[in-house]
Structures are given as C-alpha cells and as structure tokens.
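Single-structure report; data block below.
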2 protein chains.
Amino acid sequence: MDQNKIPQATAKRLPLYYRFLNNLNQQGKSRVSSKELSEAVKVDSATIRRDFSYFGALGKKGYGYNVEYLLEFFRKTLDQDEVTEVALIGAGNLGTAFLKYNFMKNNNIVIKMAFDASAEKVGEDIGGVPIYHIDEMEERMDGIQVAILTIPAGETDGVTERLVDYGVTGILNFTPARITVPEHIRVHHIDLAVELQALVYFLKHYPLENE
Amino acid sequence: MDQNKIPQATAKRLPLYYRFLNNLNQQGKSRVSSKELSEAVKVDSATIRRDFSYFGALGKKGYGYNVEYLLEFFRKTLDQDEVTEVALIGAGNLGTAFLKYNFMKNNNIVIKMAFDASAEKVGEDIGGVPIYHIDEMEERMDGIQVAILTIPAGETDGVTERLVDYGVTGILNFTPARITVPEHIRVHHIDLAVELQALVYFLKHYPLENE
DNA sequence: AGAAAGTCGTTACCCATTTCACAATTTAAT
DNA sequence: ATTAAATTGTGAAATGGGTAACGACTTTCT
C-alpha cells in the first residue's frame, strides 16, 4: 500500500531474490554481491542493484549486501509475516502438483482448500489440503481472496463467474481460456500451450540469442 | 530464420491468436475485426493490428481479416506443417498434466516420450506417451531438440547438464532452480511459486490497477 | 449513386524497463 | 599508511513495447 513506486517488473523478481537469499542464509553465507546474485538468478547485476535501491540503500559500497539484513528486510516488505490463504479450483494433475508444493517455506502462502467436481476426489486430502465438492465453493471459501484455476477449459467461464460473484480479488488462471472479469479483479494467465509453442517458435526464428 | 524483425512480445501472442482463429474457423466464422479479436483475447486492438502488420498487410480496410486466410498464413509462419517433437523429463503430477494435454490440435507439437526415475512409472503409458527410465535418456532421445523439465528441484542441475551434453537447443524449465546453460541454448522459466507470490504481492500493493 | 459507417495500417508519441558507466565509498593488501 | 581492488547507487541513454489518432480505403445503407 505504501510502496507504490516499485515497478511491477521489480516486484516480480522479488520472490526470486527472496528464495535465493534464503538458500544463501541456510548455507551460512553472510555476505553477497550483486554480481554473485546475478549469476545465480540470471538477472543483470545492474538490474538487481536498481531493484534493491527502490527500497533504499540496502548495501554497502565495496562490500555488497548483508544476507541476513536483506532477508529480514524483504520478509517484512513482502508481507511475509501475514500468511496468505488461497483456494485451488480443480484437483486434476496440475492442481495436485500445486497441492503437493509447499508454498509456506519461502512464500508464506498456504492453499487452504481445494474444490473439484469429481465425486471420487471429494473428501480426499492431498498434501494436507481438504477437497470439497465445487458446489460448496461459495459457502466454504470463508474470506479467501485468491483462487488458482486449474480446471478444464470448458468449465472456465461458469466457475469464473461464480468466483467473481463470490468476491475474489485475484485469480491465477491456468486454463487456456481468456476470462472476462470486472476491472478491479486481477488475473494472471499462465498458458502452458502458449509457453511451449513460444519456446519452439523462438528456437526456430531466433536461433542464437537469449531471451 | 527470415522474420527476424518480429518483436518477442508479438511472437508470444501468436499462439494465442492462432488458437482463437481456429475456434472461429470451426464455428464457421469467415471474417473478424481486430476489435472482436481484442475482446476475445484481451489484447488491445491497436496492438493486434500492429502485431499482424509485422507480417505484411493481412487485412482489408473497412472489412477486417479473413479468418481462413489468416489461419493459413499463420500455419505456415508458425511452421505448423512440421510437427515439433519434444521430450518430457519428470512424470510427476505436473508432468502428467502435460502428457494428458493434446498439443497437436492447435500447436502441432507432440510429446514423443517421457523419462522418470521412479521404477513404478517406467513402462507405463500416459496419454499415449511411453515412459522410460531416466538412465536411458541420451540413447532414447534420438534427435529431439526440446525438453520440458518437470522434475524435483534437487535433480535439476544434474539432468540439465546431461541435456546440454546430449545437445538440446531449448528447455522449458518448471523447476524453481535457475539453470546454467551455454549461450546457444534457450531456456524459458516458469516458476509456479513466483507466479503465485507475484499475484499476491500485486493484490496487496496495487489493489485496483490491472496488469 | 452518394453518404455513412467500419476498419486497417501506420505515424507519432508515450511509458516502463534495462543497461552503461562512473563517482563515491569501503575493504583488503602490501 | 598507502595503494589497489571491490562494489554500491544512480544519472543518463538506450531499448522495447503499447496506444491514441487519423488518413485511406472498403463496405453497407438509403
């Protein structure tokens, strides 16, 4: 709310930095330079310094950055003290992959519940997350603001409409459908087919460059 | 090879356009305007016209675009007549989601084989794709240039090195690790935790805007 | 036929992001 | 104590992408 000047491109890299700093810390490293960081996360070192500088002068000239200090700073900045609860809609293979991933450790996010239309799955418990029938979605959501959409393409529009009516503020959409939502709801699309085809296209047309 | 001036941002949208045009065609629509297209794929109509214009004047003023013509044109441009074969490494939940997805219909890409380290999975057949043991990777790959990496984080570096030595030219990396490869190999990263955390971060810090 | 409406392709501008390059500062070495 | 090496933070320039607006042309309407 108060860091409104941070570029979106920077914000997208923060989780990456955070995770890597965590690794360093666990390895016992107490100091790191933008150059080292750059090699590890594959982001230009000037970009890293610029990214950090939006938060103030976090480093020391001639020295680099103190890992622990940086971690502590980002932990606060990324609102890591407050756990974010999300719901997963669609417990197929892709959904199950999410359920088994532990977002708590580095991201302080937890998938609180999942919904599915298949009677076999309802009642199950994958990765410690209970699965309810999708008909119970609205009554069970109980204040959750974010949904991960991993359902078949055909059901997308109907479910989206229900999520909007219910009142989510963010949707991570893994279906190929481009969903329509009111302006105040944020949607991020991740389209596996598009990602794969884009890679193939780049290989054929830009054979030697890097992204 | 010859379309080297096409911006990467445009190239990433092409698969999206292509898929939607296919839908239109199947619905029997023979004509479409950039405005209609815009509403369906959620891309500004001026951007669409600009994107198309990189390939020449494909439309007609006052009329719009001929769906069939556009499809035929993109089919050639996206090299859709030549099937691209890819290999999938890691047949866990995420990998299985890929195996069950049919990339042939819209993308002319086929997952030819999968590899996994688990003895139970080897010999199985998911979505018509055979699963081999990962030790047989190099001997089985047989000319395949593109790999989808859906293995646990810990195994990433070792497998990547083997893929590089074998000679892939492109990797779609779903592991959280940022892999190191020679410059001539293209890697696209899709990091589920980063995507989720970025969405959450945006919701908290940029509550009303759109991406 | 003539007028009105629709739509493209493109020019000109805008904005966000990346990167270069260097002064300032600190650390490390001799 | 001096010098050399390392490294940040940032001003300025470069890159890349998006969009408003409009002339030109086509279609549709009356």
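At a threshold of 4.0 Å, the pair A:E36-A:K29 counts as salt-bridged, since one of the basic side-chain nitrogens sits closer than that to a carboxylate oxygen. Salt-bridge check for A:K112 with A:D142: failed, with every basic side-chain N at 4.0 Å or more from each acidic carboxylate O.
No side-chain heavy atom of A:T84 sits under 4.5 Å from any side-chain heavy atom of A:Q145.
When atom types are taken as modelled, the side chain of A:Y166 and the backbone of A:G143 share a donor-acceptor pair closer than 3.5 angstrom.
Residues forming a side chain to side chain donor-acceptor pair (under 3.5 Å) with B:N173 (at least two apart in sequence, or on another chain): B:T175, B:H189.
Considering only side-chain atoms of A:A9, the nucleotide from C:dT17, D:dT27, C:dT10 that sits closest is C:dT17. Side-chain atoms of B:S34 lie closest to C:dC8 of the nucleotides C:dC8, C:dA28, C:dT18. Checking D:dA20, C:dC8, C:dG9 against every side-chain atom of B:A46, the shortest atom distance belongs to D:dA20. Of the candidate nucleotides C:dC8, D:dA20, C:dA21, D:dA20 has the atom nearest to the side chain of B:D44. Looking at the side chain of A:A57, the nearest of the listed nucleotides C:dT18, D:dT7, D:dG9 is D:dG9.
Remark: C1' of D:dG17 and NZ of B:K12 are 13 Å apart, rounded to the nearest angstrom. Protein atom OH of B:Y69 is 15 Å distant from nucleotide atom P of C:dC8, rounded to whole Å. In this structure, B:N66 atom CG and D:dT27 atom C1' are separated by 15 Å, rounded to whole Å. As rounded to whole Å, 16 Å separates atom C1' of D:dA20 from atom NZ of B:K35. Rounded to an integer number of Å, the gap from CZ of B:F52 to C1' of C:dG9 is 13 Å. Taking atom CD1 of residue A:I48 and atom C1' of nucleotide C:dT17, one finds them 15 Å apart after rounding to whole Å. At whole-Å resolution of the value, CG in B:L58 and C1' in C:dT10 are 14 Å apart. The nearest whole Å value for the distance from the OH atom in A:Y54 to the C1' atom in D:dT8 is 15 Å.
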side-chain contact (heavy atoms from CB on, under 4.5 Å) evaluation trace for B:I89 with B:L149: CA-CA 5 Å; B:I89 327 283; B:L149 219 52; 3.9 Å; yes
Polar atoms only, N or O, under 3.5 Å: list the protein pairs with nucleotides 23-26 of chain C and their distances.
unit_1	atom_1	unit_2	atom_2	d
C:dT26	O4'	A:K61	O	2.9

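Between A:F20 and A:Y18, the ring center distance fails the sub-6.0 Å criterion. The aromatic ring centres of B:F98 and B:F174 sit less than 6.0 Å apart.
At a threshold of 4.0 angstrom between heavy atoms, the contacts of A:Y65 are confined to the sugar-phosphate backbone, with no base atom among them.
A donor N or O paired with an acceptor N or O is found under 3.5 Å between the base of C:dT11 and the side-chain atoms of B:R50.
Remark: B:T47 is in phosphate contact with D:dT19, judged by side-chain N or O atoms under 4.0 Å from OP1 or OP2.
Taking five base pairs at each end of the helix from C:dA1-D:dT30 to C:dT30-D:dA1, the local helix axes there meet at an angle of 10°, rounded to 10°.
Mapping B:R49 and B:R31 onto DNA chain D by nearest heavy atom places B:R49 at the nucleotide closer to the 5' end.
In the displayed structure, B:E68 atom CD is contacted under 6.0 Å by at most 12 heavy atoms of other residues, nucleotides or ligands.
Among the candidates B:L88, B:V86, B:I144, the single residue satisfying the side-chain contact (heavy atoms from CB on, under 4.5 Å) test with B:M113 is B:I144.
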